[in-house]
Amino acid sequence: VSEPGVGTVTVVLLVVVPLLAAAVVAGLGRWMSRSIADAFTAAVAAGCLIGSGYLLLARSSDRLVVWVGGYEPEKGTSVGIALVADRGADLLVVIAASLVLAAVVYSWGYLEDVHAAEHSLVLVFLSGMTGFAFAADLFNAFVWFELMSVAAFAMTGLRVEEPRSVHGALTFGAMTSWAATVSLLGIGLLYGLTGELNMASIGVELRGSGPSAAVNAACALVFVGYLVKAAAVPWHFWTADAEAVAPTPVCALLSGALVALGVYGVARAWWTMFDGVVGEATMRTTLLSLGCLTALVGAFMCTTQRHIKRLLAYSTISHVGVMLIAVGLLGDEGLAAAGLYAIGHACVKGSLFLGTGVLLNRFESVDEHALHGRGRDMPLTRWAFVVGALGLIGFPACGVWLGKSVLEHATAAETPDWFTAWVIVVLLTVSACTGGSVLRLTSRVFWGAGVPPPDAGRQNEEEPETDSVLQRSPLRMVGPCWALLLVGLAIALIPGLPTAAERGAAVFADPTGYANAVLGAGPVPPPPALTAASPWTTASVTFGLLATLLAVGMAAGWLWSPALGSRWRRRRRLLGRPVRALHALHAGHIGDYVAWAMLGSACIGVALVVAA
Amino acid sequence: VTLSVVPYLVAGWIFLVACYGLATSRHLVHAVACLSVAQSATYVLLLAVGYRKDATAPVFSDVRPGVRVVDPVVQALTLTDIVVGATVTALLLAITIQVAKRHGTVDPEEISSLEDEA
């Protein structure tokens with residue numbers, strides 16, 4: 001047995017340390033003072049960020065395989081459990097650790113009444129995410145995902161005295177555990193078909209035995225499980241409920257990390273197990289359709305919201321649609337785009353949620369109309385919202401823009417022209433609707449722009465999360481908000497990032513390489529040397545500027561259209577009924593949600609099993 | 001239909017029944033119970049996957065190694081899932097109690113909407 005290297009130790013520690021720390025905080029929490037618990041949790045999160053940053057940036061090998069407990073495979077099989085760190089997994093852990101760190105700093109000393117419970121849950125959540133990102137064993141990944149989900153819905157319902165909070169937590173919990181059941185059915189089928197649980201081994205077995213209806217059914221089940229967590233339409237209903245009612249730091253975690261992990265799960269499952277077995281054309285059509293549907297439904301719902309957290313939650317759904325389109329191209333470049341987009345979106349969205357929390361704790365409301373003109377004396381928060389909106393739109397040189405630019409290039413290279421044009425229309429719609437909505441609420445809340453809504457200035461909508469109402473915006477809240485924002489903007493300026501991302505994606509999307517590396521069964525050729533196309537093309541800059549223009553136009557339209565009088569009211573009546581119907585669908589009714597989820601699953605099943 | 005398909009059909013049936021119950025539930029405790037029923041579909045499926053004809057339980061204290069046993073891996077999976085399921089059920093029931101306290105009802109139809117009118 002050789003001496004384990006730094007990377008190996010780091011991978012194991014990244015999974016184990018947050019879990020142990022969670023146990024320590026849970027056990028000793030009652031004797032810990034608040035500040036010690038805060039400092040301890042922040043230190044663990046910072047440690048995880050450093051560790052995962054090391055893996056992402058400083059490690060030389062493309063894949064790092066750790067067989068926990070030294071159960072190395074013999075002749076290509078092992079009874080052990082493997083953890084695999086490749087750039088995709090590292091990136092997710094970096095996103096998760098940064099968001100957790102920002103959330104802990106943000107909530108320093110706040111949420112007094114729930115004491116150390118939040119710290120413990122946040123650490124379990126982090127550990128679940130790292131475990132899921134690294135797991136090469138399908139069942140192991142399932143358990144990590146469940147651990148993370150349970151922590152997430154416990155955190156959502158943390159403020160049990162709030163009626164909306166417990167309601168949102170309940171629909172979230174019910175939908176995620178329904179999803180867990182569906183994925184476990186898929187995992188059971190895969191084990192029955194292959195006799196393996198390691199994703200590499202399952203992939204080898206499936207590629208050996210060839211396609212069959214049973215494999216397609218298993219694929220559909222596993223994917224539905226992940227798509228629920230990714231908040232793809234029509235499994236997205238829990239997202240808005242949970243993110244509208246959860247404590248602010250939790251919103252940032254759900255929105256930035258949890259949904260990205262769902263998309264990651266889809267990509268990982270595809271490229272380790274189903275690539276080359278399940279029909280590629282069918283899968284591409286399925287994922288691209290789902291992605292477009294999710295992007296458009298989320299964008300539309302986003303524009304109709306006045307509850308700021310709910311608005312941001314729908315914008316998350318919309319952006320997940322874009323990530324699904326990127327992954328759905330089923331190519332290296334699309335995958336790289338998804339990764340870049342995920343990190344850009346996570347930072348900007350996390351930052352916007354933290355900014356919303358500042359509003360909540362100062363004005364006891366996150367209602368766009370009630371807050372009309374009340375944020376005039378909050379320059380730092382105001383500009384965070386403005387910059388955040390631009391970041392969300394994908395203004396040139398923001399992280400989201402970089403992801404979008406690579407995605408446009410990949411789409412043009414891999415799909416017919418009409419589809420490329422369609423994707424660009426979808427991307428522009430997403431940017432204009434989600435960014436426009438954030439610009440609209442920013443101008444309303446911080447400048448009092450537009451025609452004042454009838455219920456402007458309404459008081460005391462929600463309970464604040466701090467023990468007393470804030471008189472000003474404290475630095476510990478605005479600081480993490482700006483830190484996330486700047487990271488989200490700065491990543492686009494890192495030279496060579498697209499090339500590095502594409503190299504990472506090429507390694508990620510190599511089933512044979514993955515299997516050989518994990519099982520030690522054969523040579524692992526390095527990925528081809530490649531240079532990504534520069535994201536700075538005339539087209540991508542033009543689309544970035546065009547999206548910004550559209551978003552500003554839409555925001556202005558919403559703000560000042562009431563001044564147009566009767567013509568506007570007629571249009572509003574016309575739109576009123578479908579909007580109300582859509583709202584009624586999203587009302588938080590578990591039965592409806594499950595019915596839609598079943599319908600979506602049936603569609604996927606038909607697409608993969610019957611049509612293929 | 002051969003006999004070996006029956007457990008898989010049963011698993012599918014249990015899952016569909018549970019989903020029907022969830023979709024039409026008028027009581028949150030009933031809905032949580034439906035989720036547990038859905039979960040038991042996975043237990044049936046997993047045990048069916050691990051079944052071997054003429055095999056005994058994989059406990060080697062009184063069985064000679066080499067005797068035909070059923071697959072112990074799926075039993076471990078089932079046990080793990082029971083633990084995960086118990087956690088989720090407990091947490092969901094706890095939240096249901098809070099919903100009952102805060103909303104005064106456990107009927108999903110009567111709980112006020114989370115979606116504001118725009």
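Residue numbers start from 1 in every chain, and the chains themselves are labelled A, B, ... in the order their sequence lines are given, proteins ahead of strands.
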### Query
If we only count heavy atoms from C-beta on, is the B:Asp81 to A:Phe142 side-chain gap below 4.5 Å?
yes
### Task
Check whether B:Ala38 gets within reach of chain A through its side chain, its backbone, both or neither, counting any heavy atom under 4.5 Å.
both
### Contact origin within B:Leu22 toward chain A - heavy atom pairs under 4.5 Å
both
### Proximal component of A:Val160, with respect to chain B [non-hydrogen, under 4.5 Å]
both
### Message
Looking at every heavy atom in both B:Val88 and A:Ser177, which two are closest together, and how far apart are they?
### Response
CG1-CB, 3.5 Å
### Message
Taking every non-hydrogen pair under 4.5 Å, which of B:Gly21, B:Gly12, B:Gly85, B:Pro108 racks up the most with chain A?
### Response
B:Pro108
### Message
Please check: side-chain N/O of B:Arg102 versus main-chain N/O of A:Val166, any donor-acceptor pairing under 3.5 Å?
### Response
no
### Task
Taking the side chain as every heavy atom from C-beta outward, state whether B:Val73 and A:Phe139 have any pair of such atoms under 4.5 Å apart.
no
### Query
By a 4.5 Å heavy-atom criterion (distance strictly below it), what part of A:Val79 contacts chain B: side chain, backbone, both, or neither?
neither
### Query
So, for A:Gly188 and B:Val49, which heavy atoms are closest and what is the spacing to 0.1 Å?
O-CG2, 3.6 Å
### Message
How long is the straight-line distance from CD of B:Gln98 back to CD of A:Glu162, given to the nearest 0.5 Å?
### Response
12.0 Å
#### Entry: Exceeds 12 heavy-atom contacts within 6.0 angstrom, atom CZ of B:Phe60
yes
### Query
Between CZ of B:Phe15 and CG of A:Leu221, what distance do you get to the nearest 0.5 Å?
7.5 Å
### Message
Below 4.5 Å, heavy-atom pairs only: which of B:Thr87, B:Asp71, B:Leu16 has the largest tally toward chain A?
### Response
B:Asp71
### Query
Does a side-chain heavy-atom distance below 4.5 Å link B:Ser25 with A:Ile590?
no
#### Entry: Shortest non-hydrogen contact between A:Met598 and B:Cys19, atoms and distance
SD-SG, 3.4 Å
### Query
Would you call B:Leu46 and A:Tyr191 a side-chain contact if the rule is heavy atoms closer than 4.5 Å?
no
### Task
Mind checking the CD-OG1 spacing from A:Glu146 to B:Thr80? Nearest 0.5 Å is all I need.
12.0 Å
### Message
Less than 4.5 Å to any heavy atom of chain B: does that hold for the side chain of A:Met301, its backbone, both, or neither?
### Response
side chain
### Message
At a 4.5 Å cut-off on heavy atoms, which part of A:Ala174 comes close to chain B: side chain, backbone, both, or neither?
### Response
both
### Message
Using a 3.5 Å distance criterion without hydrogens, assess whether the side chain of B:His103 forms a donor-acceptor pair with backbone atoms of A:Pro163.
### Response
yes
### Spacing of OG1 belonging to B:Thr96 relative to CG belonging to A:Leu170, to within rounding of 0.5 Å
5.0 Å
### Top contributor to chain A interface from B:Leu91, B:Val84, B:Val83 [non-hydrogen pairs under 4.5 Å]
B:Leu91
#### Entry: Engaged part of A:Tyr314 at the chain B interface, taking heavy atoms whose separation is under 4.5 Å
side chain
### Task
Return the minimal non-hydrogen interatomic distance between A:Ala169 and B:Ile95, and the atom names on each side.
CB-CD1, 3.9 Å
### Task
Answer with side chain, backbone, both or neither: which region of B:Thr89 has an atom nearer than 4.5 Å to a non-hydrogen atom of chain A?
neither
### Query
Do you know which of B:Thr42, B:Val74, B:Val99 has the most heavy-atom pairs under 4.5 Å to chain A?
B:Thr42
### Query
Does any heavy atom of chain A fall under 4.5 Å from the side chain of B:Leu77, the backbone, both, or neither of them?
both
#### Entry: chain B contact via A:Leu147 - which portion, at a heavy-atom distance below 4.5 Å
neither
### Query
With only heavy atoms counted, which part of B:Tyr20 is less than 4.5 Å from chain A, the side chain, the backbone, both or neither?
neither
